[in-house]
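Notes for the one structure printed next.
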Amino acid sequence: MIYFLHGPDTFRSRQKLREIISEFEKKTGAATGMTRIDVSTKPETVFEVGRTGSLFSQKELVVIENASAGSREGGDYLRGRLKDWAGDRDRTIVFWEGEVKTDEGFMAAIAKAAVKTQEFRPLSSSAVSRWLYAAAAERKVQVSGREKEMLIAKHGSDLWAISNELDKIAAGWTTSHDIREEEKIWSFTDAFFQHPRRSFRPLSEFLQAGYEPIYLVGALASSLRTLALVWWGMTAGKLKAITRGLHPFVVRKNSDLAKRTNARQLSKLFDRLITADIEQKTGRLPPPLPLIKLVLGKAKSKTPD
(Lines give C-alpha, C1' and ligand atoms only; values in the text may rest on other atoms or scores of the structure.)
Protein backbone atom coordinates (compact mmCIF):
# COMPACT_ATOMS: atom_id res chain seq x y z
CA MET A 1 0.00 0.00 0.00
CA ILE A 2 0.99 3.61 -0.49
CA TYR A 3 1.00 6.62 1.85
CA PHE A 4 1.56 10.16 0.62
CA LEU A 5 2.74 12.89 3.01
CA HIS A 6 3.23 16.40 1.66
CA GLY A 7 2.82 20.10 2.42
CA PRO A 8 4.72 23.24 3.45
CA ASP A 9 4.68 22.37 7.17
CA THR A 10 7.59 19.96 6.96
CA PHE A 11 7.98 19.86 10.75
CA ARG A 12 4.69 18.00 11.25
CA SER A 13 5.07 15.89 8.10
CA ARG A 14 8.53 14.78 9.29
CA GLN A 15 7.03 13.99 12.67
CA LYS A 16 4.36 11.86 11.00
CA LEU A 17 7.01 10.07 8.95
CA ARG A 18 8.95 9.25 12.12
CA GLU A 19 5.77 7.84 13.67
CA ILE A 20 5.20 5.56 10.67
CA ILE A 21 8.79 4.30 10.81
CA SER A 22 8.61 3.78 14.57
CA GLU A 23 5.35 1.84 14.26
CA PHE A 24 6.85 -0.37 11.55
CA GLU A 25 9.91 -1.13 13.68
CA LYS A 26 7.68 -1.89 16.65
CA LYS A 27 5.58 -4.38 14.66
CA THR A 28 8.49 -6.09 12.91
CA GLY A 29 10.92 -5.92 15.84
CA ALA A 30 13.72 -4.38 13.77
CA ALA A 31 14.52 -1.96 10.97
CA THR A 32 15.91 -4.65 8.65
CA GLY A 33 12.90 -4.43 6.35
CA MET A 34 13.16 -0.70 5.78
CA THR A 35 14.63 1.15 2.81
CA ARG A 36 14.90 4.93 2.71
CA ILE A 37 16.04 7.05 -0.23
CA ASP A 38 16.18 10.76 -0.99
CA VAL A 39 15.75 11.32 -4.72
CA SER A 40 17.02 14.91 -4.48
CA THR A 41 20.49 13.69 -3.43
CA LYS A 42 20.67 10.27 -5.17
CA PRO A 43 18.21 10.23 -8.09
CA GLU A 44 19.57 6.94 -9.48
CA THR A 45 18.41 4.98 -6.41
CA VAL A 46 14.76 5.03 -7.54
CA PHE A 47 15.51 2.26 -10.05
CA GLU A 48 16.40 -0.11 -7.20
CA VAL A 49 13.18 0.46 -5.26
CA GLY A 50 10.90 -2.55 -5.14
CA ARG A 51 13.05 -4.87 -7.29
CA THR A 52 13.85 -7.24 -4.42
CA GLY A 53 12.22 -7.96 -1.08
CA SER A 54 13.86 -7.94 2.32
CA LEU A 55 15.89 -11.04 3.18
CA PHE A 56 15.12 -10.68 6.89
CA SER A 57 11.51 -9.55 7.14
CA GLN A 58 8.30 -10.50 5.38
CA LYS A 59 7.06 -6.95 5.75
CA GLU A 60 8.86 -4.13 3.99
CA LEU A 61 8.73 -0.34 4.40
CA VAL A 62 10.10 1.92 1.66
CA VAL A 63 10.38 5.67 2.23
CA ILE A 64 10.87 7.73 -0.92
CA GLU A 65 11.62 11.39 -0.25
CA ASN A 66 11.47 14.18 -2.83
CA ALA A 67 10.47 11.98 -5.76
CA SER A 68 9.42 15.18 -7.55
CA ALA A 69 13.09 16.22 -7.72
CA GLY A 70 14.13 13.20 -9.78
CA SER A 71 14.62 12.72 -13.49
CA ARG A 72 11.81 12.11 -15.93
CA GLU A 73 12.98 8.52 -16.38
CA GLY A 74 12.96 7.97 -12.62
CA GLY A 75 9.46 9.41 -12.37
CA ASP A 76 8.25 7.13 -15.16
CA TYR A 77 9.74 4.12 -13.39
CA LEU A 78 8.04 4.96 -10.10
CA ARG A 79 4.76 5.74 -11.83
CA GLY A 80 4.87 2.32 -13.48
CA ARG A 81 5.16 0.62 -10.08
CA LEU A 82 2.30 2.47 -8.38
CA LYS A 83 -0.44 0.01 -9.32
CA ASP A 84 1.47 -3.00 -7.98
CA TRP A 85 2.51 -1.21 -4.80
CA ALA A 86 -1.03 -0.02 -4.12
CA GLY A 87 -2.23 -3.62 -3.92
CA ASP A 88 0.78 -5.04 -2.06
CA ARG A 89 -0.11 -5.92 1.55
CA ASP A 90 3.43 -6.83 2.56
CA ARG A 91 5.13 -3.72 1.22
CA THR A 92 4.34 -0.17 2.37
CA ILE A 93 5.59 2.72 0.25
CA VAL A 94 5.66 6.17 1.84
CA PHE A 95 6.18 9.14 -0.48
CA TRP A 96 7.31 12.28 1.35
CA GLU A 97 7.33 15.71 -0.29
CA GLY A 98 7.47 19.35 0.75
CA GLU A 99 5.10 21.80 -0.90
CA VAL A 100 4.04 20.36 -4.27
CA LYS A 101 1.05 20.51 -6.62
CA THR A 102 -0.99 17.33 -6.33
CA ASP A 103 -3.58 18.04 -8.99
CA GLU A 104 -1.43 17.21 -12.00
CA GLY A 105 1.36 14.97 -13.28
CA PHE A 106 3.31 12.45 -11.22
CA MET A 107 2.19 13.86 -7.86
CA ALA A 108 -1.47 13.50 -8.86
CA ALA A 109 -0.80 9.86 -9.81
CA ILE A 110 0.71 9.20 -6.36
CA ALA A 111 -2.23 10.87 -4.62
CA LYS A 112 -4.67 8.75 -6.62
CA ALA A 113 -2.85 5.48 -5.87
CA ALA A 114 -2.32 6.20 -2.17
CA VAL A 115 -4.52 4.55 0.43
CA LYS A 116 -4.00 7.70 2.50
CA THR A 117 -2.84 11.18 1.48
CA GLN A 118 -2.12 13.73 4.19
CA GLU A 119 -1.38 17.39 3.50
CA PHE A 120 0.34 19.47 6.17
CA ARG A 121 -0.67 23.10 5.85
CA PRO A 122 0.76 25.84 8.14
CA LEU A 123 -1.11 25.99 11.43
CA SER A 124 -3.29 28.97 12.36
CA SER A 125 -2.03 31.20 15.18
CA SER A 126 -4.42 29.59 17.69
CA ALA A 127 -3.32 26.10 16.62
CA VAL A 128 0.35 27.14 16.91
CA SER A 129 -0.39 28.37 20.43
CA ARG A 130 -1.84 25.00 21.42
CA TRP A 131 1.04 23.17 19.73
CA LEU A 132 3.58 25.34 21.56
CA TYR A 133 2.15 24.57 24.98
CA ALA A 134 2.05 20.83 24.20
CA ALA A 135 5.64 20.91 22.90
CA ALA A 136 6.78 22.80 26.01
CA ALA A 137 5.03 20.29 28.28
CA GLU A 138 6.71 17.43 26.43
CA ARG A 139 10.10 19.05 27.14
CA LYS A 140 9.05 19.83 30.73
CA VAL A 141 9.77 23.55 30.37
CA GLN A 142 7.70 26.49 31.58
CA VAL A 143 6.71 29.11 28.99
CA SER A 144 4.86 32.20 30.18
CA GLY A 145 2.01 33.71 28.21
CA ARG A 146 4.22 36.67 27.28
CA GLU A 147 7.03 34.38 26.10
CA LYS A 148 4.52 32.40 24.04
CA GLU A 149 3.23 35.59 22.38
CA MET A 150 6.75 36.74 21.59
CA LEU A 151 7.78 33.38 20.12
CA ILE A 152 4.71 33.21 17.88
CA ALA A 153 4.96 36.87 16.89
CA LYS A 154 8.59 36.33 15.90
CA HIS A 155 8.34 32.94 14.17
CA GLY A 156 4.68 32.68 13.11
CA SER A 157 3.84 29.12 12.06
CA ASP A 158 7.50 28.08 11.63
CA LEU A 159 7.44 25.09 14.00
CA TRP A 160 11.09 24.26 13.29
CA ALA A 161 12.17 27.67 14.65
CA ILE A 162 9.83 27.51 17.66
CA SER A 163 10.99 23.98 18.43
CA ASN A 164 14.62 25.15 18.38
CA GLU A 165 13.73 27.97 20.79
CA LEU A 166 12.05 25.49 23.15
CA ASP A 167 15.09 23.21 22.99
CA LYS A 168 17.28 26.16 24.03
CA ILE A 169 14.94 26.97 26.93
CA ALA A 170 15.07 23.32 28.01
CA ALA A 171 18.87 23.57 27.99
CA GLY A 172 18.78 26.50 30.40
CA TRP A 173 18.62 29.46 28.03
CA THR A 174 16.20 32.26 28.92
CA THR A 175 14.07 34.34 26.56
CA SER A 176 13.79 37.30 28.95
CA HIS A 177 16.67 39.24 27.36
CA ASP A 178 15.39 38.64 23.84
CA ILE A 179 11.87 39.64 24.89
CA ARG A 180 13.14 42.95 26.29
CA GLU A 181 15.10 43.61 23.10
CA GLU A 182 12.09 42.74 20.92
CA GLU A 183 9.89 45.09 22.95
CA LYS A 184 12.43 47.90 22.49
CA ILE A 185 12.40 47.35 18.74
CA TRP A 186 8.61 47.32 18.64
CA SER A 187 8.47 50.53 20.71
CA PHE A 188 10.86 52.13 18.23
CA THR A 189 8.84 51.05 15.17
CA ASP A 190 5.55 52.05 16.80
CA ALA A 191 6.95 55.50 17.61
CA PHE A 192 8.17 55.87 14.02
CA PHE A 193 4.74 55.14 12.56
CA GLN A 194 2.98 57.46 15.01
CA HIS A 195 5.44 60.36 14.75
CA PRO A 196 8.80 59.65 13.07
CA ARG A 197 10.79 62.33 14.88
CA ARG A 198 9.80 60.91 18.26
CA SER A 199 11.65 57.73 17.36
CA PHE A 200 14.98 59.56 17.06
CA ARG A 201 15.88 59.12 20.74
CA PRO A 202 15.41 55.32 20.80
CA LEU A 203 17.20 55.20 17.44
CA SER A 204 20.23 56.99 18.88
CA GLU A 205 20.24 54.56 21.82
CA PHE A 206 20.20 51.58 19.44
CA LEU A 207 23.06 53.00 17.40
CA GLN A 208 25.12 53.72 20.54
CA ALA A 209 24.46 50.13 21.66
CA GLY A 210 25.98 48.84 18.41
CA TYR A 211 22.87 47.91 16.41
CA GLU A 212 23.51 47.78 12.66
CA PRO A 213 21.54 50.44 10.71
CA ILE A 214 20.60 47.87 8.05
CA TYR A 215 18.98 45.72 10.77
CA LEU A 216 16.92 48.67 12.03
CA VAL A 217 15.76 49.54 8.51
CA GLY A 218 14.77 45.90 8.10
CA ALA A 219 12.81 46.02 11.37
CA LEU A 220 10.93 49.09 10.16
CA ALA A 221 10.21 47.43 6.79
CA SER A 222 8.92 44.25 8.45
CA SER A 223 6.68 46.25 10.81
CA LEU A 224 5.39 48.36 7.93
CA ARG A 225 4.43 45.25 5.93
CA THR A 226 2.48 43.97 8.93
CA LEU A 227 0.81 47.35 9.45
CA ALA A 228 -0.17 47.51 5.77
CA LEU A 229 -1.62 43.99 5.95
CA VAL A 230 -3.72 44.83 9.01
CA TRP A 231 -4.83 48.14 7.44
CA TRP A 232 -5.93 46.34 4.28
CA GLY A 233 -7.79 43.72 6.30
CA MET A 234 -9.68 46.41 8.19
CA THR A 235 -10.37 48.44 5.04
CA ALA A 236 -11.65 45.41 3.11
CA GLY A 237 -13.71 44.17 6.05
CA LYS A 238 -11.79 40.87 6.00
CA LEU A 239 -9.37 41.39 8.88
CA LYS A 240 -9.64 37.85 10.26
CA ALA A 241 -9.14 36.16 6.87
CA ILE A 242 -6.31 38.42 5.68
CA THR A 243 -4.36 38.27 8.96
CA ARG A 244 -4.88 34.54 9.55
CA GLY A 245 -1.13 33.96 9.67
CA LEU A 246 -0.49 36.65 12.30
CA HIS A 247 -0.71 36.27 16.05
CA PRO A 248 -3.78 38.02 17.58
CA PHE A 249 -1.44 40.10 19.77
CA VAL A 250 0.27 41.50 16.67
CA VAL A 251 -3.07 42.18 14.97
CA ARG A 252 -4.43 44.03 18.00
CA LYS A 253 -1.29 46.14 18.33
CA ASN A 254 -1.32 47.16 14.68
CA SER A 255 -5.08 47.72 14.53
CA ASP A 256 -4.73 50.87 16.65
CA LEU A 257 -2.03 52.19 14.31
CA ALA A 258 -4.02 51.22 11.22
CA LYS A 259 -7.00 53.28 12.36
CA ARG A 260 -4.83 56.39 12.23
CA THR A 261 -3.37 55.87 8.76
CA ASN A 262 -4.50 55.72 5.13
CA ALA A 263 -3.30 54.42 1.77
CA ARG A 264 -1.48 57.66 0.91
CA GLN A 265 0.47 57.67 4.17
CA LEU A 266 1.39 53.99 3.80
CA SER A 267 2.58 54.61 0.24
CA LYS A 268 4.80 57.49 1.41
CA LEU A 269 6.25 55.33 4.18
CA PHE A 270 7.10 52.56 1.73
CA ASP A 271 8.75 55.09 -0.60
CA ARG A 272 10.85 56.55 2.19
CA LEU A 273 11.94 53.13 3.44
CA ILE A 274 12.89 52.01 -0.06
CA THR A 275 14.93 55.19 -0.48
CA ALA A 276 16.76 54.66 2.81
CA ASP A 277 17.42 51.02 1.93
CA ILE A 278 18.84 51.91 -1.50
CA GLU A 279 20.99 54.75 -0.15
CA GLN A 280 22.37 52.46 2.53
CA LYS A 281 23.05 49.40 0.37
CA THR A 282 24.56 51.32 -2.54
CA GLY A 283 26.73 53.49 -0.29
CA ARG A 284 25.25 56.67 -1.70
CA LEU A 285 25.11 57.94 1.87
CA PRO A 286 27.28 56.52 4.66
CA PRO A 287 25.43 54.66 7.42
CA PRO A 288 23.65 55.56 9.59
CA LEU A 289 22.81 58.77 7.71
CA PRO A 290 20.03 57.24 5.53
CA LEU A 291 18.33 55.94 8.69
CA ILE A 292 18.69 59.24 10.55
CA LYS A 293 17.32 61.12 7.54
CA LEU A 294 14.41 58.70 7.41
CA VAL A 295 13.54 59.20 11.08
CA LEU A 296 13.93 62.98 10.96
CA GLY A 297 11.59 63.12 7.97
CA LYS A 298 13.84 64.84 5.46
CA ALA A 299 12.60 65.15 1.90
CA LYS A 300 13.18 62.09 -0.22
CA SER A 301 16.23 62.32 -2.46
CA LYS A 302 16.37 60.92 -5.94
CA THR A 303 17.36 57.29 -6.07
CA PRO A 304 20.01 56.06 -8.51
CA ASP A 305 18.94 54.62 -11.85
Side-chain angles (χ1 to χ4, degrees), residues 1-124 127-128 130-131 134-135 156-163 244-245:
M1 56 184 166
I2 298 173
Y3 287 95
F4 187 20
L5 311 177
H6 68 93
D9 187 350
T10 58
F11 185 94
R12 289 190 299 131
S13 65
R14 287 290 187 190
Q15 188 176 49
K16 183 63 177 179
L17 179 59
R18 288 195 295 271
E19 290 174 2
I20 292 174
I21 294 173
S22 177
E23 187 65 23
F24 172 79
E25 292 177 348
K26 188 185 299 182
K27 287 182 177 181
T28 60
T32 54
M34 191 187 81
T35 302
R36 187 169 183 172
I37 67 171
D38 187 338
V39 181
S40 64
T41 58
K42 294 184 177 181
E44 71 281 358
T45 54
V46 299
F47 298 105
E48 301 301 321
V49 176
R51 289 189 179 278
T52 58
S54 170
L55 296 176
F56 306 100
S57 176
Q58 182 181 1
K59 299 291 185 180
E60 185 179 6
L61 174 66
V62 180
V63 177
I64 304 175
E65 300 181 36
N66 302 304
S68 61
S71 65
R72 181 175 179 178
E73 293 78 9
D76 289 342
Y77 170 76
L78 292 176
R79 188 196 293 257
R81 303 301 306 272
L82 291 178
K83 185 176 180 180
D84 290 339
W85 287 338
D88 193 334
R89 294 186 177 182
D90 292 326
R91 178 179 286 149
T92 299
I93 310 293
V94 181
F95 285 94
W96 182 95
E97 296 281 342
E99 187 170 12
V100 292
K101 292 182 178 180
T102 59
D103 57 352
E104 59 184 23
F106 179 35
M107 295 295 105
I110 295 176
K112 184 178 180 180
V115 67
K116 183 176 182 181
T117 295
Q118 192 168 357
E119 181 181 16
F120 294 84
R121 304 294 304 169
L123 295 176
S124 65
V128 172
R130 292 192 296 272
W131 178 91
S157 60
D158 186 347
L159 302 187
W160 287 108
I162 296 176
S163 179
R244 186 176 291 116

Sub-4.5 Å side-chain heavy-atom contact between [X] and [Y]:
X    : Y   : result
V49  : R81 : no
F95  : S68 : no
E60  : D88 : no
L159 : R12 : yes
L61  : K27 : no

Quick one: [atom1] on [X] to [atom2] on [Y], what's the gap to the nearest 0.5 Å?
X    : Y   : atom1 : atom2 : result
I93  : W85 : CD1   : CH2   : 5.0 Å
E19  : K26 : CD    : NZ    : 10.0 Å
L5   : I20 : CG    : CD1   : 4.5 Å
N66  : D38 : CG    : CG    : 4.5 Å
F47  : S71 : CZ    : OG    : 4.5 Å
D158 : D9  : CG    : CG    : 8.5 Å

Taking T28 for its side chain and F24 for its backbone only, find out whether a donor-acceptor pair lies under 3.5 Å.
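Yes; judged by distance alone, with no hydrogens or angles, the pair exists.
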Donor-acceptor pair, distance only, cut-off 3.5 Å: does the side chain of E97 make one with the backbone of A67?
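At least one qualifying donor-acceptor pair exists.
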If the condition is side chain to side chain donor-acceptor pair (under 3.5 Å), which residues does T92 pass it with, not counting sequence neighbours?
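None.
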In terms of ring plane angle, is the pair W160 and F11 parallel, tilted or perpendicular, where the classes change at 30° and 60°?
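Rings of W160 and F11: perpendicular, over 60°.
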Side-chain donor-acceptor pairs of residues 100-123 under 3.5 Å, sequence neighbours excluded:
| residue | atom | partner | partner atom | Å |
| --- | --- | --- | --- | --- |
| E119 | OE2 | R121 | NH1 | 3.4 |

